[in-house]
Protein chains: 2
Amino acid sequence: MPTTEVIASIQPSPPPVGGHTERNCAFKVACSSCNLRELCLPLGLTTQELERLDKLVATRRSVRRGDALFRAGEPFQSLYAVRTGFFKTCVSAEDGRDQVTGFQMAGELLGLDGISGDSHSCDAVALEDSQVCVIPFADLERLSREFVDLQRQFHKIMSREIVRDHGVMLLLGSMRAEERLAAFLLNLTQRLQARGFSPSALVLRMTREEIGSYLGLKLETVSRTFSKFQDDGLLEVKQRHIRILDQAGLQQLVNGATC
Amino acid sequence: MPTTEVIASIQPSPPPVGGHTERNCAFKVACSSCNLRELCLPLGLTTQELERLDKLVATRRSVRRGDALFRAGEPFQSLYAVRTGFFKTCVSAEDGRDQVTGFQMAGELLGLDGISGDSHSCDAVALEDSQVCVIPFADLERLSREFVDLQRQFHKIMSREIVRDHGVMLLLGSMRAEERLAAFLLNLTQRLQARGFSPSALVLRMTREEIGSYLGLKLETVSRTFSKFQDDGLLEVKQRHIRILDQAGLQQLVNGATC
DNA sequence: CGGCTGATTGAGCGTCGTCAATTCAGGTGG
DNA sequence: CCACCTGAATTGACGACGCTCAATCAGCCG
């Protein structure tokens, strides 16, 4: 399942503007002509606003699989919009324990955690070769003081992240292993579908261990639950290739139909 | 442990401005003279900005113990800053399961979840008789377009909520019962201490069941863990009255010193 | 092909949930 | 003032879900 035809009108990058110290500067695609604009920051903006946003989001950055876009403790300067690829974010406790807090795909924002303390509080690691748009936060704040729609959209994105986190808390706090995995798969397919991918076939970009960390389970439990879903005829599982055979069945699981 | 001397210069309320349909309008205290301003939205604002904020936060609302400040599904219009009292927020799944997502005390903001979808996505319920300052969100957005400091502070507050949520995910995803309860107690006392309360004596405003819901445990487990902490000499537990005897011991528990 | 990482599967155990009984605190009314 | 009632908290016994430890298997890349 390669990244689809989403990539449009890629142009050679101009020299980085403004003296930002972004590590690998790559290409430039205007937000106004980006296929992800309906899923990303530009949603709802007027043509004029889009033009200004285009100037703001001037640099891009490539991150290779396994590399970090940023790490906890690094100074916060920019937000990042995933253009292509796939990321995980994870927080770490002092004792080394760590927890995957989310998986991000094209059109989703990374780095919101850094605003509060002027430094990032989690790691963002690419799970496949990826590209992000760099959004200097000071510029974004400035522009969002000018444009109501941009301000509004940014606030909605932050709020949506909070609502998402609450959903994860519900999952971690009160669901059992099968319910968690079912909810996770349905969430993934839903987001992939919004990006034009098949709702029934997907390739997991993360390991069983990463899924387990996200869901508060051990990797063996994740693996076992996948096998059980296969036995029950809900899924077809071939390593990281998943085919959903009974979406309604998964949905039932999430809604406590186990009782 | 009654609400301390925090309440200052309470004045009779003027008639509600702007036609907001807030249910019970109560008192008015200017943000500029509020004892909580260093913990709340006014943090870092200039005198001029504070004056404008004072006009914006014109109404207050009293919520009696057990009543909801807002409920999931209700239209979102305003944020709320807790002035006195104590709240819980909880989300519900379709099947009735619900999850406490947080406890809010004086100076903390409620309602951020509502921004994303123009309606609230969780319930906010008072755990004791409380008062909140009503912050009409449209006004806040307008004012934060004028004032950099206000914009910045608001963004920091949203981001802080995201970081907090990630901490809860870590707790729910990878800690055991004792660690969860210890982390919870330390967090509570820390926040109470920032508000001038004793770091060692506290009164829980919530039931064991609510604590359990927040921590992803059953109420019996919470109760048992309290008892164990008492046996171990970490706490003195008398129903909802808790005295912390060994803060360092609790801290050790949180940092996986169980091994 | 060999070595490596990730995934699967099994056996046994531990933590926490379930069910149930009892105690405790607070409020109400006789 | 005490008996009563209700909701919350405590404590015990038991069982299940998921974790631990371990062996095996499947891909992948040098």
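Per chain, numbering begins at 1; letters A, B, ... match sequence-line order. The model shown is predicted, which means the values in this text are computed figures rather than measured ones.
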B:E209 CD - C:dT18 C1' separation (whole Å): 14 Å

What is the distance, rounded to the nearest whole Å, between atom NZ of B:K218 and atom P of D:dG15? 20 Å

With heavy atoms under 4.0 Å as the rule, sort B:G216 into base, sugar-phosphate or nothing. sugar-phosphate

Nucleotide C:dC19, atom P - distance to CD of B:E220 in whole Å: 10 Å

Contact summary for B:M105 and B:L188, nearest pair of heavy atoms: CE-CD2, 3.8 Å

Any salt bridge linking A:R97 with B:E179? Criterion: basic side-chain nitrogen under 4.0 Å from a carboxylate oxygen. yes

What integer distance in Å separates B:K238:NZ from D:dT10:C1'? 16 Å

Just so I know, are the side chains of B:C34 and B:R83 near enough to count as touching, which here means a heavy-atom distance under 4.5 Å? yes

Carboxylate-amine/guanidinium contact B:R195 B:E108, below 4.0 Å: yes

NA contact type, A:R224, heavy-atom cut-off 4.0 Å: base, sugar-phosphate, or nothing? base

I need the CZ-C1' distance between B:R208 and C:dC24, as an integer number of Å. 12 Å

Spacing of B:F226 atom CZ relative to D:dA9 atom C1', expressed in whole Å: 11 Å

Just checking B:L217: base, sugar-phosphate only, or nothing, at a heavy-atom cut-off of under 4.0 Å? sugar-phosphate

Would you mind reading off the distance between A:M175 atom CE and C:dC16 atom P, rounded to a whole angstrom? 21 Å

Closest non-hydrogen contact found for B:L217 with B:R180 is CD2-NH1, 4.0 Å

Phosphate OP1/OP2 of D:dG18 contacted by A:T221 side-chain N/O (<4.0 Å): no

Is the shortest side-chain N/O distance from B:R240 to OP1 or OP2 of D:dA9 below 4.0 Å? yes

Regarding the side chain of A:V237, the nearest nucleotide among D:dA8, C:dT8, D:dT10 is C:dT8

Looking at C:dT9, C:dA20, C:dA7, which one has an atom nearest to any side-chain atom of A:T207? C:dA7

Gap between atoms CD and C1', on A:Q230 and C:dT9 respectively (whole Å): 13 Å

Is there a side-chain polar atom (N or O) of A:S223 under 4.0 Å from OP1 or OP2 of C:dT9? no

